[in-house]
Amino acid sequence: MSRTEIESALALLQDARGAQGDGGDRLVRAVIRHGRGLAPAEREELQRHLLELIDREEPGVWQHALEVIVRTGGPATGRELIPMLASRERGPDWSDAVVLALLRLGCVDALSTCREYVREELLRHHVGALPIVAWLYRVDSAFALPLAARFFADILSRTPARRTMETLRRYIGGQLEGLTANSPGLVLDLLDAVAAFDAAAGQRLASVMLVHLRSAAAALELGERTVEALGPAVQLRAG
C-alpha cells in the first residue's frame with residue numbers, strides 16, 4: 001500500500017465519521033480494524049503516517065491518530081513520540097495529549113520527562129494537566145500526590161473562577177479513577193494533604209468529589225463497593 005493509498009483510506013474513514021458524536025471513537029476503531037487487515041510492511045507504513053499526522057498537529061486528525069497509536073502500540077512506540085515534544089514550540093492541548101499517551105503506552109524512558117512536565121504545568125495552575133496527574137497516580141503516586149495536593153490547595157484556597165470549577169468537575173472522575181486504581185485510601189490521603197495546606201480548599205475538593213461519588217457514573221467507573229466505602233469518609237471531609 002502506497003503512502004497515497006494510506007492517505008486516501010484515512011481520508012475516507014475521516015469522512016465516514018461524519019457527524020457521529022462519539023468523540024472519534026468509531027473512527028479510531030475503524031483505523032485499527034483497517035490496520036489489522038494490512039500486511040506487516042503496510043502496517044508499519046500506516047504507523048509512520050499516523051506519527052507524521054501527530055507531529056504535524058494535523059487539524060481534526062492528530063488526536064485520533066494519537067489514540068490509534070496508544071491503543072495499538074507499546075513502550076517502543078512511545079519512544080518515537082518523545083523527540084516530538086522537544087522538536088518545536090507546541091500548544092498545551094497537543095503537549096498534554098502526547099505526555100498522557102507516553103504514560104498510557106508504559107514508556108519508562110519518558111517517565112522523567114512526564115514528571116517534569118506535570119510539575120511545571122501544575123505550578124502554572126494548568127487544570128488541563130489533571131488527566132496526566134490521574135495516570136501518574138497509578139504509576140508514581142509518591143510523586144504525583146504531593147504535587148496534586150499543592151495544586152488543589154492553590155486553586156481552591158479561595159472561590160475559584162466558574163470556568164475553573166467546571167473543568168475541575170469534568171476531570172474529577174478521572175482523579176478518582178486514578179487514585180482508586182492504586183488504592184482507595186489515596187483519595188482520603190489527597191484530601192487530607194490538601195486540607196493540611198488549606199482547610200477550605202480541602203472541603204471544596206471533598207464537596208466536588210462527593211457530588212461525583214453520588215452520580216450513577218461513579219458506580220460504573222469505580223465499583224459500588226468503592227463508592228460505598230469512600231462516600232461517608234469524603235462526606236465527613238466535605239463538612
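Computed over heavy atoms, backbone and side chain alike; hydrogens, waters and symmetry mates excluded.
Across His212 and Ser215, no two heavy atoms sit closer than the pair O-OG, 2.5 Å. Contact record, Gly174 with Ala134: O-CB, 3.3 Å, taken as the closest heavy-atom pair. The two residues Ala193 and Leu145 make their nearest non-hydrogen contact at CB-CD2, 4.4 Å. Minimum heavy-atom separation, Val227 to Leu213: CG1-O, 3.3 Å. When all heavy atoms of Ala144 and Leu136 are compared, the closest pair comes out as CB-CB, 3.8 Å. Scanning both residues, Pro131 and Leu100, for their nearest heavy atoms gives O-CD1, 3.7 Å.
A salt bridge does not link Arg48 to Glu52: none of the charged side-chain nitrogens sits closer than 4.0 Å to a carboxylate oxygen. Between Glu67 and Arg29, none of the side-chain N atoms (NZ, or NE/NH1/NH2) sits under 4.0 Å from a carboxylate O, so this pair counts as no salt bridge.
Put simply, the residue from Arg163, Arg162, Arg170 that forms a salt bridge (Lys or Arg N to Asp or Glu O under 4.0 Å) with Glu166 is Arg162.
With sequence neighbours excluded, the residues forming a salt bridge (Lys or Arg N to Asp or Glu O under 4.0 Å) with Arg119 are Glu116, listed by chain and number. Take Asp189 and apply the side chain to side chain donor-acceptor pair (under 3.5 Å) test, not counting sequence neighbours, and it matches no residue.
By the 6.0 Å contact criterion, CZ on Arg88 is enclosed, its count of non-hydrogen atoms from other residues, nucleotides or ligands being greater than 12.
Counting only distance, with no hydrogens or angles, the side chain of Ser95 and the backbone of Pro92 share no donor-acceptor pair below 3.5 Å. Checking side-chain atoms of Thr164 against main-chain N and O of Pro160 turns up no donor-acceptor pair under 3.5 Å. Remark: the backbone N or O of Asn182 is not paired with any side-chain donor or acceptor of Arg138 at under 3.5 angstrom. Side chain of Arg237 to backbone of Ala206: no donor-acceptor contact under 3.5 angstrom is found.
Tracing side-chain contacts under 4.5 Å through hydrophobic residues (I, L, V, M, F, W, Y), one never reaches Leu176 starting from Leu236; they form parts of separate clusters.
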**Report entry** Worked verdict on Phe197 versus Asp154 for side chain to side chain contact (heavy atoms under 4.5 Å, CB included)
**Finding:** CA-CA 9 Å; Phe197 285 121; Asp154 286 346; over 6 Å; no

Query raised in the report: Checking side chain to side chain contact (heavy atoms under 4.5 Å, CB included) for the pair Leu190/Phe152: CA distance, chi angles, key distance, verdict?
Result: CA-CA 9 Å; Leu190 175 62; Phe152 285 121; 4.1 Å; yes

Report task. List the steps and the verdict of side chain to side chain contact (heavy atoms under 4.5 Å, CB included) for Leu66 and Leu81. Result -> CA-CA 10 Å; Leu66 183 60; Leu81 292 172; 4.1 Å; yes

Requested in this report: Test Leu186 against Thr180 for side chain to side chain contact (heavy atoms under 4.5 Å, CB included), laying out the working first.
Outcome: CA-CA 7 Å; Leu186 284 183; Thr180 58; over 6 Å; no

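Side-chain contact between Arg214 and Gln235: present, with at least one pair of heavy atoms (C-beta onward) separated by less than 4.5 Å. In this structure, Glu44 and Gln47 have side chains that are not in contact, with every pair of non-hydrogen atoms separated by 4.5 Å or more. The closest side-chain heavy-atom distance from Leu156 to Asp198 is not below 4.5 Å. Looking at Ile69 and Glu80, their side chains never come closer than 4.5 Å, going by heavy atoms from C-beta outward. Side-chain contact between Val211 and Arg169 is absent, with no heavy atoms from C-beta onward closer than 4.5 Å. Gln175 places a side-chain heavy atom less than 4.5 Å from the side chain of Leu130. Looking at Leu147 and Arg115, their side chains never come closer than 4.5 Å, going by heavy atoms from C-beta outward.
In summary, the side chains of Glu177 and Tyr137 do not present any donor paired with an acceptor at a separation below 3.5 Å, with no hydrogens or angles considered. Looking at His64 and Asp25, their side chains never bring a donor and an acceptor atom within 3.5 Å of each other. With no hydrogens or angles considered, a side-chain donor-acceptor pair links Ser87 and Arg90 at under 3.5 Å.
Taking the six-membered ring for Trp and thresholds of 30 and 60 degrees, Trp62 and Trp94 have ring planes inclined between 30 and 60 degrees apart.
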